[in-house]
Amino acid sequence: NAGVTQTPKFQVLKTGQSMTLQCAQDMNHEYMSWYRQDPGMGLRLIHYSVGAGITDQGEVPNGYNVSRSTTEDFPLRLLSAAPSQTSVYFCASSYGTSGTPYQETQYFGPGTRLLVL
Amino acid sequence: AQTVTQSQPEMSVQEAETVTLSCTYDTSESNYYLFWYKQPPSRQMILVIRQEAYKQQNATENRFSVNFQKAAKSFSLKISDSQLGDTAMYFCAFMNLYTQGGSEKLVFGKGTKLTVNP
């Protein structure tokens, strides 16, 4: 298994540009999520999905959009990039929710570093 | 809202020695999970260890063990026989079992930067 994969690894955007961060997992996980990590802070949840066709907002959803058309993929869209969105973005997945620690443990992708000028 | 506090922004330890990283959390729930994640310079988030709140026995994984004090809401990580490869940021995380996957599902502390010196 490749686990959780993210592309690109690094991206530079200009203010106002849009782009999509890709996330895919091959573990048949139902739960997928996006986090951002800023200096001096832990990870904060942006959006999450408990299954194909179901998404919801996390702690910091403004400026981001998601969709989940398949179990495997969970792309994150920046609609109009702003310097405040400069961050490292992590995608994570787990088997499901309301289960055992094994099922609930979230596994992370390698991250995408985004710089917005 | 649940909060996770890691009071040690940075720590250092000599190779082969033991170090303990602190974590406290605040919750009114009685059943939850706790995790420690490691983030080396590669930035990959790697699961180190996990603990179920209803289990009194402390979790162990090779050189890593936890001291889980439920009443004190404390979840410290002990690393024995420290190795150079243990140099990383360590994040404590709390998982609320009783939300429907919402924003408080997995809450992270701000991390402790651990440096293992040769």
- Heavy-atom contact with chain A under 4.5 Å, split by part of B:Gln6: neither

- Task: Could you check if a side-chain atom of B:Leu47 sits within less than 4.5 angstrom of a side-chain atom of A:Thr105, using non-hydrogen atoms only?
- Result: yes

- Message: According to a hydrophobic-cluster definition based on side-chain heavy atoms being under 4.5 Å apart (Ile, Leu, Val, Met, Phe, Trp, Tyr only), do A:Tyr64 and A:Trp34 belong together?
- Response: yes

- Flag the pair A:Tyr35 / B:Met45 as yes when at least one side-chain heavy-atom distance between them is below 4.5 Å, and no otherwise. no

- For B:Ala71, what residues pass the side-chain contact (heavy atoms from CB on, under 4.5 Å) criterion, not counting sequence neighbours? none

- Task: Answer with yes or no whether the hydrophobic clustering places B:Val19 together with B:Val48; edges join I, L, V, M, F, W, Y residues whose side-chain heavy atoms lie under 4.5 Å apart.
- Result: yes

- Part of residues 108-118 of chain B lying next to chain A, heavy-atom separation under 4.5 Å: B:Phe108, B:Gly109, B:Lys110

- Those residues of residues 75-85 of chain B that come under 4.5 Å of chain A on a heavy-atom basis, listed by number, are none

- Query: Could you state the interatomic distance from OH (A:Tyr107) to OH (B:Tyr37), rounded to the nearest 0.5 Å?
  - Reply: 7.5 Å

- Note on the structure: So, the part of A:Val60 with a heavy atom under 4.5 Å from chain B: the answer is neither

- Task: Check whether any side-chain N or O of B:Gln44 sits under 3.5 Å from a backbone N or O of A:Phe108 as a donor-acceptor pair, and report yes or no.
- Result: yes

- Message: Sub-4.5 Å heavy-atom contacts with chain B: which residues of residues 73-80 of chain A show up?
- Response: none

- Query: Would you find more than 12 non-hydrogen atoms of other residues, nucleotides or ligands less than 6.0 Å from A:Arg113 atom CZ?
  - Reply: no

- Task: Working to the nearest 0.5 Å, report the span between CD of A:Gln37 and CZ of B:Phe91.
- Result: 4.5 Å

